[in-house]
There are 4 protein chains.
Amino acid sequence: MTHHVTSMLETYPKDLGDIDRQKLAECIQACFQCAQSCTACADACLAEDMVADLRGCIRRNLDCADVCATTGAVLSRQTGDNLEVTRAVLEACRVACRTCGDECASHAEMHEHCRVCAEACRRCEQACADLLASLG
Amino acid sequence: MTHHVTSMLETYPKDLGDIDRQKLAECIQACFQCAQSCTACADACLAEDMVADLRGCIRRNLDCADVCATTGAVLSRQTGDNLEVTRAVLEACRVACRTCGDECASHAEMHEHCRVCAEACRRCEQACADLLASLG
Amino acid sequence: MTHHVTSMLETYPKDLGDIDRQKLAECIQACFQCAQSCTACADACLAEDMVADLRGCIRRNLDCADVCATTGAVLSRQTGDNLEVTRAVLEACRVACRTCGDECASHAEMHEHCRVCAEACRRCEQACADLLASLG
Amino acid sequence: MTHHVTSMLETYPKDLGDIDRQKLAECIQACFQCAQSCTACADACLAEDMVADLRGCIRRNLDCADVCATTGAVLSRQTGDNLEVTRAVLEACRVACRTCGDECASHAEMHEHCRVCAEACRRCEQACADLLASLG
(Lines give C-alpha, C1' and ligand atoms only; values in the text may rest on other atoms or scores of the structure.)
Protein backbone atom coordinates (compact mmCIF):
# COMPACT_ATOMS: atom_id res chain seq x y z
CA MET A 1 0.00 0.00 0.00
CA THR A 2 2.96 2.41 0.46
CA HIS A 3 3.13 2.35 -3.31
CA HIS A 4 -0.49 3.55 -3.50
CA VAL A 5 -0.03 6.22 -0.87
CA THR A 6 3.13 7.44 -2.60
CA SER A 7 1.36 7.46 -5.97
CA MET A 8 -1.27 9.82 -4.64
CA LEU A 9 1.30 12.04 -2.88
CA GLU A 10 3.27 12.38 -6.13
CA THR A 11 0.21 13.66 -7.98
CA TYR A 12 -0.52 16.48 -5.52
CA PRO A 13 -0.78 19.58 -7.74
CA LYS A 14 0.94 22.09 -5.43
CA ASP A 15 4.19 22.25 -3.52
CA LEU A 16 4.20 19.83 -0.58
CA GLY A 17 6.61 22.08 1.29
CA ASP A 18 9.51 20.62 3.22
CA ILE A 19 7.60 17.70 4.73
CA ASP A 20 9.49 14.39 4.64
CA ARG A 21 7.45 12.56 1.99
CA GLN A 22 8.83 9.14 2.82
CA LYS A 23 7.95 9.47 6.51
CA LEU A 24 4.55 10.89 5.61
CA ALA A 25 3.74 8.02 3.24
CA GLU A 26 4.91 5.42 5.78
CA CYS A 27 2.82 7.00 8.51
CA ILE A 28 -0.33 7.15 6.36
CA GLN A 29 0.14 3.51 5.42
CA ALA A 30 0.81 2.49 9.03
CA CYS A 31 -2.35 4.27 10.20
CA PHE A 32 -4.61 2.51 7.71
CA GLN A 33 -3.01 -0.87 8.41
CA CYS A 34 -3.29 -0.39 12.16
CA ALA A 35 -6.94 0.67 11.83
CA GLN A 36 -7.63 -2.56 9.95
CA SER A 37 -5.63 -4.76 12.34
CA CYS A 38 -7.29 -3.28 15.44
CA THR A 39 -10.78 -3.70 13.95
CA ALA A 40 -10.00 -7.33 13.15
CA CYS A 41 -8.33 -7.96 16.55
CA ALA A 42 -11.36 -6.58 18.43
CA ASP A 43 -13.50 -8.98 16.43
CA ALA A 44 -11.16 -11.94 17.02
CA CYS A 45 -11.07 -11.20 20.76
CA LEU A 46 -14.88 -11.16 20.71
CA ALA A 47 -14.85 -14.65 19.19
CA GLU A 48 -12.54 -16.11 21.88
CA ASP A 49 -14.01 -18.42 24.52
CA MET A 50 -12.36 -16.20 27.13
CA VAL A 51 -13.90 -13.00 25.76
CA ALA A 52 -14.74 -11.87 29.30
CA ASP A 53 -11.01 -11.58 30.01
CA LEU A 54 -10.40 -9.55 26.85
CA ARG A 55 -12.76 -6.64 27.49
CA GLY A 56 -9.89 -4.20 28.03
CA CYS A 57 -8.19 -5.37 24.86
CA ILE A 58 -11.36 -4.94 22.78
CA ARG A 59 -11.86 -1.43 24.19
CA ARG A 60 -8.29 -0.42 23.32
CA ASN A 61 -8.61 -1.99 19.87
CA LEU A 62 -11.81 -0.07 19.08
CA ASP A 63 -10.40 3.23 20.28
CA CYS A 64 -7.12 2.69 18.44
CA ALA A 65 -8.94 1.79 15.21
CA ASP A 66 -10.93 5.03 15.33
CA VAL A 67 -7.91 7.19 16.16
CA CYS A 68 -5.76 5.59 13.44
CA ALA A 69 -8.49 6.01 10.79
CA THR A 70 -8.84 9.70 11.64
CA THR A 71 -5.06 10.21 11.69
CA GLY A 72 -4.69 8.50 8.31
CA ALA A 73 -7.37 10.81 6.87
CA VAL A 74 -5.89 14.01 8.35
CA LEU A 75 -2.41 13.07 7.05
CA SER A 76 -3.86 12.37 3.59
CA ARG A 77 -4.79 16.06 3.32
CA GLN A 78 -2.19 18.65 2.34
CA THR A 79 -4.33 21.64 1.33
CA GLY A 80 -4.47 24.55 3.74
CA ASP A 81 -2.03 24.67 6.59
CA ASN A 82 -3.39 22.66 9.50
CA LEU A 83 -0.13 21.78 11.22
CA GLU A 84 -1.27 22.29 14.80
CA VAL A 85 -4.12 19.81 14.32
CA THR A 86 -1.81 17.40 12.52
CA ARG A 87 0.57 17.44 15.48
CA ALA A 88 -2.19 16.97 18.06
CA VAL A 89 -3.68 14.07 16.11
CA LEU A 90 -0.29 12.40 15.72
CA GLU A 91 0.26 12.71 19.48
CA ALA A 92 -3.12 11.12 20.19
CA CYS A 93 -2.39 8.35 17.69
CA ARG A 94 0.98 7.65 19.30
CA VAL A 95 -0.73 7.26 22.68
CA ALA A 96 -3.52 5.08 21.28
CA CYS A 97 -1.03 2.80 19.49
CA ARG A 98 1.24 2.51 22.51
CA THR A 99 -1.65 1.71 24.83
CA CYS A 100 -3.22 -0.81 22.47
CA GLY A 101 0.15 -2.30 21.53
CA ASP A 102 1.03 -2.84 25.21
CA GLU A 103 -2.31 -4.53 25.87
CA CYS A 104 -2.11 -6.76 22.78
CA ALA A 105 1.52 -7.64 23.51
CA SER A 106 0.49 -8.91 26.94
CA HIS A 107 -1.78 -11.49 25.22
CA ALA A 108 0.58 -12.24 22.35
CA GLU A 109 1.66 -15.65 23.58
CA MET A 110 -1.90 -16.82 24.01
CA HIS A 111 -3.59 -15.13 21.06
CA GLU A 112 -1.91 -14.93 17.69
CA HIS A 113 -4.21 -12.10 16.54
CA CYS A 114 -2.97 -10.02 19.48
CA ARG A 115 0.64 -10.75 18.48
CA VAL A 116 0.08 -9.62 14.89
CA CYS A 117 -1.96 -6.61 15.98
CA ALA A 118 0.68 -5.54 18.52
CA GLU A 119 3.19 -5.41 15.66
CA ALA A 120 0.90 -3.14 13.64
CA CYS A 121 0.47 -0.89 16.69
CA ARG A 122 4.24 -0.71 17.25
CA ARG A 123 4.90 0.19 13.61
CA CYS A 124 2.24 2.89 13.69
CA GLU A 125 3.44 4.29 17.02
CA GLN A 126 6.97 4.52 15.59
CA ALA A 127 5.78 6.03 12.30
CA CYS A 128 3.85 8.72 14.20
CA ALA A 129 6.89 9.47 16.38
CA ASP A 130 9.17 9.68 13.33
CA LEU A 131 6.81 11.98 11.45
CA LEU A 132 6.31 14.18 14.50
CA ALA A 133 10.07 14.51 14.93
CA SER A 134 10.49 15.46 11.29
CA LEU A 135 7.81 18.18 11.55
CA GLY A 136 10.14 20.10 13.87
CA MET B 1 -29.71 14.57 21.61
CA THR B 2 -28.34 15.05 25.16
CA HIS B 3 -31.44 13.16 26.22
CA HIS B 4 -30.42 10.22 24.04
CA VAL B 5 -26.82 10.27 25.18
CA THR B 6 -27.93 10.43 28.80
CA SER B 7 -30.40 7.57 28.25
CA MET B 8 -27.60 5.32 27.06
CA LEU B 9 -25.25 6.39 29.87
CA GLU B 10 -27.92 5.58 32.47
CA THR B 11 -28.25 2.03 31.16
CA TYR B 12 -24.55 1.20 31.46
CA PRO B 13 -24.50 -2.04 33.48
CA LYS B 14 -21.44 -1.34 35.63
CA ASP B 15 -20.23 1.47 37.83
CA LEU B 16 -19.25 4.53 35.78
CA GLY B 17 -16.75 5.55 38.46
CA ASP B 18 -16.45 9.16 39.50
CA ILE B 19 -16.68 10.65 36.01
CA ASP B 20 -18.93 13.73 35.78
CA ARG B 21 -21.85 12.26 33.84
CA GLN B 22 -23.34 15.60 32.91
CA LYS B 23 -20.06 16.86 31.44
CA LEU B 24 -19.52 13.54 29.70
CA ALA B 25 -22.98 13.56 28.10
CA GLU B 26 -22.61 17.17 27.01
CA CYS B 27 -19.21 16.48 25.47
CA ILE B 28 -20.44 13.41 23.57
CA GLN B 29 -23.37 15.41 22.24
CA ALA B 30 -21.15 18.35 21.31
CA CYS B 31 -18.75 16.06 19.44
CA PHE B 32 -21.49 14.48 17.30
CA GLN B 33 -23.10 17.87 16.60
CA CYS B 34 -19.76 19.42 15.67
CA ALA B 35 -18.92 16.49 13.38
CA GLN B 36 -22.24 17.06 11.58
CA SER B 37 -21.84 20.84 11.39
CA CYS B 38 -18.27 20.63 10.07
CA THR B 39 -19.25 18.07 7.41
CA ALA B 40 -22.10 20.33 6.29
CA CYS B 41 -19.95 23.48 6.43
CA ALA B 42 -17.24 21.91 4.27
CA ASP B 43 -19.94 21.06 1.75
CA ALA B 44 -21.52 24.54 1.90
CA CYS B 45 -18.08 26.15 1.41
CA LEU B 46 -17.60 23.90 -1.61
CA ALA B 47 -20.86 25.24 -3.09
CA GLU B 48 -19.84 28.89 -2.69
CA ASP B 49 -18.86 30.90 -5.79
CA MET B 50 -15.69 31.89 -3.96
CA VAL B 51 -14.74 28.30 -3.11
CA ALA B 52 -11.13 29.02 -4.09
CA ASP B 53 -10.88 31.38 -1.10
CA LEU B 54 -12.33 28.80 1.27
CA ARG B 55 -9.81 25.99 0.79
CA GLY B 56 -8.33 26.46 4.26
CA CYS B 57 -11.80 26.44 5.81
CA ILE B 58 -12.78 23.23 4.01
CA ARG B 59 -9.56 21.57 5.16
CA ARG B 60 -10.15 22.53 8.78
CA ASN B 61 -13.78 21.45 8.56
CA LEU B 62 -12.89 18.01 7.22
CA ASP B 63 -10.19 17.44 9.82
CA CYS B 64 -12.42 18.69 12.64
CA ALA B 65 -15.31 16.46 11.52
CA ASP B 66 -13.06 13.37 11.63
CA VAL B 67 -11.54 14.23 15.00
CA CYS B 68 -14.95 15.00 16.57
CA ALA B 69 -16.46 11.76 15.27
CA THR B 70 -13.60 9.75 16.75
CA THR B 71 -13.75 11.65 20.05
CA GLY B 72 -17.50 11.09 20.29
CA ALA B 73 -16.98 7.36 19.75
CA VAL B 74 -14.13 7.05 22.28
CA LEU B 75 -16.18 8.94 24.90
CA SER B 76 -19.19 6.67 24.24
CA ARG B 77 -17.13 3.73 25.54
CA GLN B 78 -16.76 3.12 29.29
CA THR B 79 -15.56 -0.48 29.42
CA GLY B 80 -11.91 -1.07 30.22
CA ASP B 81 -9.87 1.80 31.55
CA ASN B 82 -8.52 3.81 28.64
CA LEU B 83 -8.07 7.17 30.34
CA GLU B 84 -4.74 8.11 28.78
CA VAL B 85 -6.19 7.72 25.29
CA THR B 86 -9.36 9.56 26.32
CA ARG B 87 -7.26 12.51 27.50
CA ALA B 88 -5.10 12.59 24.36
CA VAL B 89 -8.13 12.45 22.10
CA LEU B 90 -9.87 15.23 24.04
CA GLU B 91 -6.75 17.38 23.68
CA ALA B 92 -6.64 16.78 19.93
CA CYS B 93 -10.35 17.56 19.68
CA ARG B 94 -9.91 20.79 21.58
CA VAL B 95 -7.19 21.87 19.15
CA ALA B 96 -9.21 20.83 16.09
CA CYS B 97 -12.31 22.71 17.32
CA ARG B 98 -10.34 25.84 18.22
CA THR B 99 -8.56 25.88 14.86
CA CYS B 100 -11.73 25.26 12.85
CA GLY B 101 -13.78 27.62 15.01
CA ASP B 102 -11.25 30.42 14.48
CA GLU B 103 -11.27 29.89 10.73
CA CYS B 104 -15.06 29.71 10.47
CA ALA B 105 -15.46 32.76 12.73
CA SER B 106 -13.30 34.77 10.34
CA HIS B 107 -15.87 34.11 7.57
CA ALA B 108 -18.94 34.40 9.80
CA GLU B 109 -20.08 37.78 8.53
CA MET B 110 -19.95 36.67 4.92
CA HIS B 111 -21.11 33.05 5.24
CA GLU B 112 -23.94 32.11 7.55
CA HIS B 113 -22.90 28.42 7.52
CA CYS B 114 -19.51 29.43 8.89
CA ARG B 115 -21.20 31.45 11.64
CA VAL B 116 -23.36 28.50 12.72
CA CYS B 117 -20.45 26.05 12.42
CA ALA B 118 -18.16 28.31 14.46
CA GLU B 119 -20.70 28.14 17.28
CA ALA B 120 -20.72 24.33 17.17
CA CYS B 121 -16.90 24.33 17.26
CA ARG B 122 -16.83 26.72 20.25
CA ARG B 123 -19.32 24.60 22.17
CA CYS B 124 -17.34 21.44 21.47
CA GLU B 125 -14.02 23.08 22.34
CA GLN B 126 -15.50 24.21 25.67
CA ALA B 127 -17.11 20.83 26.36
CA CYS B 128 -13.77 19.08 25.77
CA ALA B 129 -11.99 21.55 28.05
CA ASP B 130 -14.61 21.10 30.79
CA LEU B 131 -14.48 17.32 30.60
CA LEU B 132 -10.68 17.31 30.59
CA ALA B 133 -10.63 19.53 33.68
CA SER B 134 -13.07 17.21 35.45
CA LEU B 135 -10.92 14.16 34.69
CA GLY B 136 -8.25 15.60 36.97
CA MET C 1 -30.00 18.17 17.48
CA THR C 2 -32.66 18.49 14.72
CA HIS C 3 -32.41 22.20 15.40
CA HIS C 4 -28.68 22.11 14.68
CA VAL C 5 -29.06 20.01 11.55
CA THR C 6 -31.83 22.32 10.31
CA SER C 7 -29.72 25.39 11.06
CA MET C 8 -26.95 24.11 8.82
CA LEU C 9 -29.38 23.09 6.05
CA GLU C 10 -30.92 26.58 6.06
CA THR C 11 -27.53 28.18 5.48
CA TYR C 12 -26.71 26.13 2.39
CA PRO C 13 -25.80 28.76 -0.24
CA LYS C 14 -27.42 27.15 -3.29
CA ASP C 15 -30.81 25.72 -4.13
CA LEU C 16 -31.45 22.46 -2.30
CA GLY C 17 -33.74 21.29 -5.11
CA ASP C 18 -36.99 19.55 -4.32
CA ILE C 19 -35.67 17.36 -1.52
CA ASP C 20 -37.96 17.18 1.53
CA ARG C 21 -35.90 19.21 4.02
CA GLN C 22 -37.81 18.04 7.06
CA LYS C 23 -37.31 14.37 6.19
CA LEU C 24 -33.67 15.03 5.34
CA ALA C 25 -32.99 16.78 8.66
CA GLU C 26 -34.75 14.05 10.62
CA CYS C 27 -32.80 11.33 8.84
CA ILE C 28 -29.45 13.06 9.41
CA GLN C 29 -30.29 13.45 13.09
CA ALA C 30 -31.48 9.85 13.39
CA CYS C 31 -28.26 8.57 11.79
CA PHE C 32 -25.99 10.44 14.20
CA GLN C 33 -28.09 9.42 17.21
CA CYS C 34 -28.16 5.78 16.11
CA ALA C 35 -24.39 5.79 15.55
CA GLN C 36 -23.93 7.03 19.11
CA SER C 37 -26.46 4.60 20.61
CA CYS C 38 -24.96 1.60 18.82
CA THR C 39 -21.42 2.52 19.87
CA ALA C 40 -22.59 2.82 23.48
CA CYS C 41 -24.68 -0.37 23.31
CA ALA C 42 -21.75 -2.41 21.97
CA ASP C 43 -19.71 -1.12 24.91
CA ALA C 44 -22.48 -1.84 27.44
CA CYS C 45 -22.88 -5.38 26.06
CA LEU C 46 -19.13 -5.81 26.45
CA ALA C 47 -19.46 -4.90 30.13
CA GLU C 48 -22.20 -7.45 30.82
CA ASP C 49 -21.38 -10.60 32.79
CA MET C 50 -22.98 -12.60 30.00
CA VAL C 51 -20.89 -10.94 27.28
CA ALA C 52 -20.32 -14.32 25.63
CA ASP C 53 -24.03 -14.47 24.81
CA LEU C 54 -24.00 -10.98 23.32
CA ARG C 55 -21.38 -11.46 20.61
CA GLY C 56 -23.94 -11.23 17.82
CA CYS C 57 -25.41 -8.07 19.32
CA ILE C 58 -21.98 -6.41 19.61
CA ARG C 59 -21.21 -7.29 15.99
CA ARG C 60 -24.49 -5.79 14.76
CA ASN C 61 -23.99 -2.71 16.93
CA LEU C 62 -20.50 -2.07 15.55
CA ASP C 63 -21.59 -2.53 11.94
CA CYS C 64 -24.69 -0.37 12.43
CA ALA C 65 -22.66 2.40 14.09
CA ASP C 66 -20.28 2.53 11.11
CA VAL C 67 -23.06 2.48 8.51
CA CYS C 68 -25.08 5.17 10.32
CA ALA C 69 -22.05 7.45 10.68
CA THR C 70 -21.32 7.17 6.96
CA THR C 71 -24.97 7.69 6.02
CA GLY C 72 -25.19 10.78 8.24
CA ALA C 73 -22.09 12.21 6.54
CA VAL C 74 -23.28 11.47 2.99
CA LEU C 75 -26.67 13.05 3.74
CA SER C 76 -24.97 16.14 5.20
CA ARG C 77 -23.53 16.85 1.73
CA GLN C 78 -25.64 18.58 -0.94
CA THR C 79 -23.03 19.75 -3.43
CA GLY C 80 -22.76 17.83 -6.69
CA ASP C 81 -25.48 15.39 -7.58
CA ASN C 82 -24.74 12.04 -5.96
CA LEU C 83 -28.24 10.64 -5.76
CA GLU C 84 -27.45 7.09 -6.75
CA VAL C 85 -24.93 6.77 -3.92
CA THR C 86 -27.33 8.47 -1.51
CA ARG C 87 -30.00 5.89 -2.34
CA ALA C 88 -27.62 2.93 -2.01
CA VAL C 89 -26.31 4.17 1.32
CA LEU C 90 -29.83 4.73 2.65
CA GLU C 91 -30.76 1.18 1.62
CA ALA C 92 -27.72 -0.23 3.44
CA CYS C 93 -28.52 1.89 6.49
CA ARG C 94 -32.09 0.64 6.54
CA VAL C 95 -30.86 -2.95 6.51
CA ALA C 96 -28.24 -2.30 9.20
CA CYS C 97 -30.78 -0.58 11.47
CA ARG C 98 -33.40 -3.29 10.98
CA THR C 99 -30.90 -6.07 11.68
CA CYS C 100 -29.44 -4.36 14.74
CA GLY C 101 -32.85 -3.24 15.97
CA ASP C 102 -34.19 -6.80 15.75
CA GLU C 103 -31.21 -8.15 17.68
CA CYS C 104 -31.35 -5.46 20.37
CA ALA C 105 -35.13 -5.84 20.70
CA SER C 106 -34.66 -9.54 21.45
CA HIS C 107 -32.57 -8.56 24.52
CA ALA C 108 -34.68 -5.57 25.50
CA GLU C 109 -36.33 -7.15 28.51
CA MET C 110 -33.03 -8.24 29.97
CA HIS C 111 -30.80 -5.30 29.02
CA GLU C 112 -32.07 -1.76 29.25
CA HIS C 113 -29.29 -0.49 26.91
CA CYS C 114 -30.58 -2.85 24.23
CA ARG C 115 -34.10 -1.52 24.71
CA VAL C 116 -33.01 2.09 24.29
CA CYS C 117 -30.72 1.22 21.38
CA ALA C 118 -33.47 -0.74 19.61
CA GLU C 119 -35.61 2.42 19.69
CA ALA C 120 -32.82 4.45 18.09
CA CYS C 121 -32.44 1.77 15.40
CA ARG C 122 -36.19 1.74 14.69
CA ARG C 123 -36.32 5.52 14.37
CA CYS C 124 -33.35 5.53 12.02
CA GLU C 125 -34.74 2.66 9.94
CA GLN C 126 -38.01 4.56 9.57
CA ALA C 127 -36.29 7.86 8.80
CA CYS C 128 -34.23 6.18 6.06
CA ALA C 129 -37.37 4.57 4.60
CA ASP C 130 -39.24 7.89 4.67
CA LEU C 131 -36.40 9.78 3.02
CA LEU C 132 -35.96 7.07 0.38
CA ALA C 133 -39.67 7.19 -0.44
CA SER C 134 -39.55 10.98 -0.78
CA LEU C 135 -36.58 10.78 -3.18
CA GLY C 136 -38.88 9.10 -5.73
CA MET D 1 -1.21 -4.58 2.76
CA THR D 2 -2.89 -7.80 1.53
CA HIS D 3 -0.22 -9.54 3.55
CA HIS D 4 -1.36 -7.71 6.68
CA VAL D 5 -5.04 -8.36 6.05
CA THR D 6 -4.32 -12.04 5.39
CA SER D 7 -2.21 -12.28 8.54
CA MET D 8 -5.12 -11.10 10.65
CA LEU D 9 -7.62 -13.38 8.85
CA GLU D 10 -5.37 -16.39 9.48
CA THR D 11 -5.37 -15.73 13.23
CA TYR D 12 -9.16 -15.67 13.57
CA PRO D 13 -9.86 -18.16 16.39
CA LYS D 14 -13.04 -19.71 14.99
CA ASP D 15 -14.11 -21.28 11.72
CA LEU D 16 -14.42 -18.67 8.97
CA GLY D 17 -17.05 -20.78 7.23
CA ASP D 18 -17.01 -21.20 3.49
CA ILE D 19 -16.20 -17.58 2.65
CA ASP D 20 -13.56 -17.17 -0.07
CA ARG D 21 -10.65 -15.88 2.04
CA GLN D 22 -8.64 -14.62 -0.91
CA LYS D 23 -11.53 -12.55 -2.24
CA LEU D 24 -12.31 -11.30 1.25
CA ALA D 25 -8.72 -10.21 1.89
CA GLU D 26 -8.50 -8.50 -1.49
CA CYS D 27 -11.75 -6.66 -0.92
CA ILE D 28 -10.73 -5.45 2.55
CA GLN D 29 -7.43 -4.22 1.14
CA ALA D 30 -9.13 -2.54 -1.82
CA CYS D 31 -11.59 -0.76 0.49
CA PHE D 32 -8.86 0.72 2.71
CA GLN D 33 -6.75 1.74 -0.31
CA CYS D 34 -9.73 3.34 -2.03
CA ALA D 35 -10.69 5.21 1.14
CA GLN D 36 -7.15 6.63 1.27
CA SER D 37 -7.02 7.46 -2.45
CA CYS D 38 -10.40 9.20 -2.40
CA THR D 39 -9.49 11.26 0.67
CA ALA D 40 -6.25 12.34 -1.03
CA CYS D 41 -7.97 12.99 -4.38
CA ALA D 42 -10.61 15.22 -2.77
CA ASP D 43 -7.77 17.18 -1.20
CA ALA D 44 -5.78 17.38 -4.45
CA CYS D 45 -8.91 18.57 -6.33
CA LEU D 46 -9.33 21.23 -3.64
CA ALA D 47 -5.79 22.45 -4.34
CA GLU D 48 -6.35 22.79 -8.10
CA ASP D 49 -6.70 26.28 -9.64
CA MET D 50 -9.90 25.05 -11.28
CA VAL D 51 -11.40 23.79 -8.02
CA ALA D 52 -14.76 25.33 -8.95
CA ASP D 53 -15.02 22.81 -11.82
CA LEU D 54 -14.20 19.90 -9.53
CA ARG D 55 -17.01 20.26 -6.98
CA GLY D 56 -18.78 17.13 -8.21
CA CYS D 57 -15.54 15.15 -8.08
CA ILE D 58 -14.79 16.27 -4.51
CA ARG D 59 -18.31 15.31 -3.43
CA ARG D 60 -18.02 11.85 -4.95
CA ASN D 61 -14.55 11.40 -3.46
CA LEU D 62 -15.74 12.28 0.05
CA ASP D 63 -18.76 10.00 -0.14
CA CYS D 64 -16.71 7.14 -1.61
CA ALA D 65 -14.04 7.51 1.09
CA ASP D 66 -16.67 7.21 3.84
CA VAL D 67 -18.43 4.25 2.23
CA CYS D 68 -15.15 2.38 1.60
CA ALA D 69 -13.94 2.93 5.16
CA THR D 70 -17.19 1.54 6.55
CA THR D 71 -17.15 -1.40 4.14
CA GLY D 72 -13.55 -2.23 5.05
CA ALA D 73 -14.50 -2.22 8.74
CA VAL D 74 -17.63 -4.36 8.29
CA LEU D 75 -15.65 -6.90 6.22
CA SER D 76 -12.93 -7.01 8.87
CA ARG D 77 -15.48 -8.49 11.31
CA GLN D 78 -16.35 -12.20 11.22
CA THR D 79 -18.02 -12.73 14.58
CA GLY D 80 -21.79 -13.15 14.59
CA ASP D 81 -23.54 -13.72 11.32
CA ASN D 82 -24.30 -10.36 9.72
CA LEU D 83 -24.50 -11.43 6.09
CA GLU D 84 -27.46 -9.32 5.07
CA VAL D 85 -25.70 -6.15 6.22
CA THR D 86 -22.47 -7.28 4.58
CA ARG D 87 -24.27 -7.69 1.25
CA ALA D 88 -26.05 -4.32 1.50
CA VAL D 89 -22.81 -2.54 2.36
CA LEU D 90 -20.95 -4.23 -0.50
CA GLU D 91 -23.71 -3.12 -2.89
CA ALA D 92 -23.47 0.47 -1.66
CA CYS D 93 -19.68 0.35 -1.96
CA ARG D 94 -19.91 -0.94 -5.51
CA VAL D 95 -22.18 1.97 -6.44
CA ALA D 96 -19.96 4.54 -4.67
CA CYS D 97 -16.81 3.22 -6.38
CA ARG D 98 -18.44 3.10 -9.81
CA THR D 99 -19.81 6.62 -9.47
CA CYS D 100 -16.56 8.08 -8.15
CA GLY D 101 -14.46 6.07 -10.61
CA ASP D 102 -16.52 7.37 -13.55
CA GLU D 103 -16.16 10.96 -12.36
CA CYS D 104 -12.42 10.67 -11.72
CA ALA D 105 -11.87 8.88 -15.05
CA SER D 106 -13.47 11.83 -16.85
CA HIS D 107 -10.71 14.10 -15.44
CA ALA D 108 -7.91 11.57 -15.76
CA GLU D 109 -6.19 13.19 -18.71
CA MET D 110 -6.06 16.56 -17.02
CA HIS D 111 -5.43 15.53 -13.40
CA GLU D 112 -3.03 12.74 -12.56
CA HIS D 113 -4.54 12.33 -9.06
CA CYS D 114 -7.90 11.59 -10.69
CA ARG D 115 -6.28 8.98 -12.94
CA VAL D 116 -4.66 7.18 -10.00
CA CYS D 117 -7.81 7.48 -7.89
CA ALA D 118 -10.01 6.14 -10.69
CA GLU D 119 -7.83 3.01 -10.74
CA ALA D 120 -8.30 2.51 -7.00
CA CYS D 121 -12.07 2.93 -7.44
CA ARG D 122 -12.16 0.40 -10.29
CA ARG D 123 -10.20 -2.15 -8.28
CA CYS D 124 -12.48 -1.71 -5.28
CA GLU D 125 -15.64 -1.87 -7.41
CA GLN D 126 -14.41 -5.13 -8.94
CA ALA D 127 -13.34 -6.58 -5.58
CA CYS D 128 -16.80 -5.83 -4.13
CA ALA D 129 -18.50 -7.44 -7.14
CA ASP D 130 -16.26 -10.52 -6.89
CA LEU D 131 -16.86 -10.92 -3.17
CA LEU D 132 -20.61 -10.41 -3.58
CA ALA D 133 -20.72 -13.07 -6.30
CA SER D 134 -18.81 -15.52 -4.08
CA LEU D 135 -21.25 -14.96 -1.19
CA GLY D 136 -23.94 -16.62 -3.28
Side-chain angles (χ1 to χ4, degrees), chain A residues 12-14 31 35 38-39 42 45-46 51-104 106-107 121 125 128 132, chain B residues 12-14 31 35 38-39 42 45-46 51-104 106-107 121 125 128 132:
Chain A
Y12 187 73
K14 303 294 184 199
C31 285
C38 287
T39 301
C45 287
L46 189 63
V51 55
D53 298 327
L54 294 168
R55 289 179 174 108
C57 194
I58 292 173
R59 166 69 192 278
R60 279 159 188 72
N61 274 319
L62 294 177
D63 284 358
C64 194
D66 284 340
V67 175
C68 285
T70 282
T71 305
V74 168
L75 294 178
S76 296
R77 299 182 188 116
Q78 301 299 321
T79 304
D81 175 51
N82 210 13
L83 195 54
E84 199 183 359
V85 172
T86 302
R87 276 203 191 92
V89 168
L90 280 167
E91 281 291 359
C93 196
R94 195 157 69 160
V95 174
C97 289
R98 176 169 45 75
T99 307
C100 187
D102 286 352
E103 178 74 31
C104 280
S106 73
H107 308 293
C121 292
E125 181 189 356
C128 289
L132 266 170
Chain B
Y12 187 73
K14 302 293 184 198
C31 284
C38 286
T39 301
C45 287
L46 190 63
V51 55
D53 297 328
L54 294 168
R55 289 179 173 108
C57 194
I58 293 172
R59 167 69 192 280
R60 280 159 188 73
N61 274 319
L62 294 176
D63 284 359
C64 193
D66 284 342
V67 175
C68 286
T70 283
T71 306
V74 169
L75 294 178
S76 296
R77 298 182 188 116
Q78 302 300 321
T79 305
D81 175 51
N82 210 13
L83 194 55
E84 198 183 0
V85 172
T86 301
R87 276 204 191 91
V89 168
L90 280 168
E91 281 290 359
C93 196
R94 195 159 67 160
V95 173
C97 289
R98 176 169 44 75
T99 306
C100 188
D102 286 351
E103 179 74 31
C104 280
S106 73
H107 307 294
C121 291
E125 181 190 354
C128 289
L132 266 170

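Heavy-atom basis, side chains included; hydrogens, waters and symmetry copies ignored.
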Quick check: closest heavy atoms across [X] and [Y], and the distance to 0.1 Å?
{"X": "A:Asp66", "Y": "B:Thr70", "answer": "O-OG1, 3.1 Å"}
{"X": "B:Thr79", "Y": "A:Arg59", "answer": "O-CG, 2.9 Å"}
{"X": "A:Ala92", "Y": "B:Ala92", "answer": "CB-CB, 4.3 Å"}

Name the region of A:Arg98, side chain, backbone, both or neither, that has any atom closer than 4.5 Å to a heavy atom of chain B.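 It is the side chain, since no backbone atom gets that close.
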
Only pairs of heavy atoms separated by less than 4.5 Å count here; which of B:Glu84, B:Arg94, B:Arg55, B:Glu103 has the most with chain A? B:Glu84

Can you tell me how far SG of A:Cys64 sits from CG of B:Asn82, rounded to the nearest 0.5 angstrom? 9.0 Å

Sort out for me which of A:Ala88, A:Gly56, A:Cys100, A:Cys57 touches chain B most, counting heavy-atom pairs under 4.5 Å.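 Of the candidates given, the most pairs with chain B belong to A:Ala88.
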
Do A:Ile58 and B:Arg77 come within less than 4.5 Å of each other through their side chains, counting heavy atoms only?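 Side-chain contact under 4.5 Å: no.
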
Applying side-chain contact (heavy atoms from CB on, under 4.5 Å), can you list everything that pairs with A:Gln78, at least two apart in sequence or on another chain?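 side-chain contact (heavy atoms from CB on, under 4.5 Å) list for A:Gln78, sorted by chain: A:Leu9, A:Tyr12, A:Leu16, A:Leu24, D:Asp43.
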
Tell me, please, which residues at least two apart from B:Asp53 pass side-chain contact (heavy atoms from CB on, under 4.5 Å). B:Met50

Do any N or O atoms from the side chain of B:Arg60 and from the backbone of A:Asp81 form a donor-acceptor pair under 3.5 angstrom?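 Answer holds: yes.
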
Out of A:Val89, A:Val67, A:Thr71, which residue meets the side chain to side chain contact (heavy atoms under 4.5 Å, CB included) rule with B:Val67?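 Of the listed options, the one satisfying the test is A:Val89.
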
